[in-house]
2 protein chains.
Amino acid sequence: MTDAEYVNIWMRPERPARGPKPVYSRAQITEAAVRIADAEGLEAATMRRIAAEIGAGAMSLYRYVPSRDNLVELMADRLMGEIDVTGMPSGDWRADLTQYADGLRAMWLRHPWIATVQRSLPSFGPNQLLLIERLMGVLDVFVSIDENLSLVAMLNSYIEGAAREEISSAGEFRRSGLSESEWMARSYSYIDRLVKSGEYPIFTKIVMEARQPHLSRDDQFRYGLRRVLDCIATALPSTAESPRPAHREGQAR
Amino acid sequence: MTDAEYVNIWMRPERPARGPKPVYSRAQITEAAVRIADAEGLEAATMRRIAAEIGAGAMSLYRYVPSRDNLVELMADRLMGEIDVTGMPSGDWRADLTQYADGLRAMWLRHPWIATVQRSLPSFGPNQLLLIERLMGVLDVFVSIDENLSLVAMLNSYIEGAAREEISSAGEFRRSGLSESEWMARSYSYIDRLVKSGEYPIFTKIVMEARQPHLSRDDQFRYGLRRVLDCIATALPSTAESPRPAHREGQAR
DNA sequence: GCATAACCGCGTACAACGTACCCAGTTGGA
DNA sequence: TCCAACTGGGTACGTTGTACGCGGTTATGC
């Protein structure tokens, strides 16, 4: 009954404060779990492993967190806190959204396991909430709330999609157990076979382009981002664009 | 050695053809796994459960598939085959991309568990390859290959992002073990507390809007998609837009 | 025609997982 | 001072992916 009351992690108090003082803390456990996930992937962050990391017994974690799923929620919200959105409705919406985009992408690349946590239901942790307030505050003065939602969703989709692609194509060799060069050698023969078959002309062009990219990953991201921002600009009133005209090319930074 | 040769599922032959005739098949196993995942989520599609579904012993599956991870790859590629891209470079790129977008979104909503399979490395199954050829063929005549990649990535990100949001906000209550109404009642109290606190004005506006949406999910998707297509249009040469002018409003269909 | 190698389905077994349950020790409020 | 409410954590259970090996089946070389 009292347990069922707190289906939501964010409503459950960390410690009811009656018995002996707890030795550990949610923050400490979350930190250890993030550390392990960063180094070895999310599936390596088992309850036993996390407990060992902080020198506790496996079952002790359940004094602080109701389940592993809930701990992952905590981890995800902790990551949201890494994105710097201080002073975010600054007046220059392009600068704000660019800073946010860079921050979110960088966070994904630092913690690629975030791609594997599916929010089965929206989870509004404190960091997530703060992010929503600041980020959506940027366009709030220009457009209606549903227009804002639509635009921010498009921006977020672009960033996450780009990050997902970077993660899957460049990193995350943990799962396969192969080193990067090993995998390259293996998959090369398969891709080579596809190319040589002549049945996939466009795929072949993609492979050739990928072998000799003339844009760095950062630049590719920036290029696509500028396109998305230009797209957002068309949905804003003309008064919004004053600090930095849409058609003039600003420097990259 | 001979096993290590086939790290890639698509290079491993289904059956070496020497011993007795196999009773089952990869396609049959994949089909059963998809059926279970659709009904009860991907984590319910265990090897034992899949085997039981087709009336086989658990270990028999390993005669056809090297590991569960590889089976999931097979499942994902099977899903790609559901998207109708026949005769796709039709000349009307807007119509083509709209059809693709609707198809991909519908597929995601039919198989929400696809959101939980992370391609740790790009997996080019036959259906995936065919999709790439047809889809990227649409813009191939207008732009360079890297521009095409950038545009298609943006489109895909939008579709997947929108689908992810629909899945997490509307469906997928399997994991929590709660019914929809139960969960609504629980989370309502949390959201209500956030709203009443007055600390989150924009979040509050979002909640109010969500309670009384004035656009259906389909329309929301279409609205955002049109914006993305308009954005793509600006990157295309003016000759591309002939069949359907950008500034004239076509009917929804 | 027949031995044999290469396959088949699948039962058993094992390590690793999340976590229910329990117990001894600790502590703040009465 | 006592006891309820906590603490850390050991043991144990059900479930998972899958390594291994068995007895039966079949295409192939002689």
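Below, all heavy atoms of this structure are taken into account, side chains as well, without hydrogens, waters or symmetry copies. Everything numeric here is computed off the predicted structure, so don't read it as measured data. Lettering follows sequence order; numbering is per chain, from 1.
Judged purely by distance below 3.5 Å, without hydrogens or angles, the side chains of Asp84(B) and Thr86(B) pair a donor atom with an acceptor atom. If you check the side chains of Tyr100(A) and Asn156(A), you find a donor sitting under 3.5 Å from an acceptor.
One donor-acceptor pair, N or O on each side, does fall under 3.5 Å between the base of dT18(D) and the side chain of Arg48(B).
Atom CG in Leu71(A) sits about 15 Å away from atom P in dC17(C), given to the nearest Å. The separation between Asp69(A) atom CG and dC17(C) atom C1' is 13 Å, rounded to whole Å. Counting to the nearest Å, the C1' atom of dC13(D) and the OH atom of Tyr62(A) are 13 Å from each other. For the pair Ile54(A) CD1 and dT7(D) P, the computed distance is 14 Å after rounding to whole Å.
Within 4.0 Å of Arg68(A), counting heavy atoms only, lie sugar-phosphate atoms of the nucleic acid but no base atom. In this structure, Ala51(B) reaches neither bases nor backbone, as no heavy-atom distance under 4.0 Å exists between it and the strands shown.
When the nucleotides dC10(C), dT7(D), dG17(D) are ranked by their closest atom to the side chain of Ser60(B), dC10(C) comes out on top. Counting only heavy atoms from C-beta on, Met59(B) has its side chain closest to dC20(D) among dA27(D), dG8(D), dC20(D). Side chain of Tyr24(A), nearest nucleotide from dC8(C), dG18(C), dG8(D): dG8(D). Listed candidates were dT18(D), dC8(C), dG9(D). Nearest to the side chain of Arg63(A) is dG9(D). When each of dC22(C), dG9(C), dC17(C) is scored by its nearest atom to the side-chain atoms of Thr46(A), the top-ranked nucleotide is dC17(C). In the set dA5(D), dG9(C), dG17(D), dG9(C) carries the atom at the smallest distance from any side-chain atom of Pro22(B).
At least one side-chain nitrogen or oxygen of Tyr64(B) sits closer than 4.0 Å to the OP1 or OP2 atom of dG9(C).
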* **Candidate pair Arg164(A) and Glu160(A), rule salt bridge (charged side-chain N to carboxylate O under 4.0 Å, His left out), full reasoning** => CA-CA 6 Å; Arg164(A) 278 199 149 84; Glu160(A) 291 196 13; 3.6 Å; yes
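Contact between Phe221(A) and Tyr158(A) at its shortest, heavy atoms only, is O-OH, 2.8 Å.
In DNA chain D, the stems built from three or more successive Watson-Crick or G-U pairs (distances below 3.5 Å) are C:1-30 with D:1-30.
Of the residues Phe203(A), Tyr200(A), Tyr190(A), the one that meets the ring pair (Phe, Tyr, Trp, His ring centres under 6.0 Å) test with Phe124(B) is Phe203(A).
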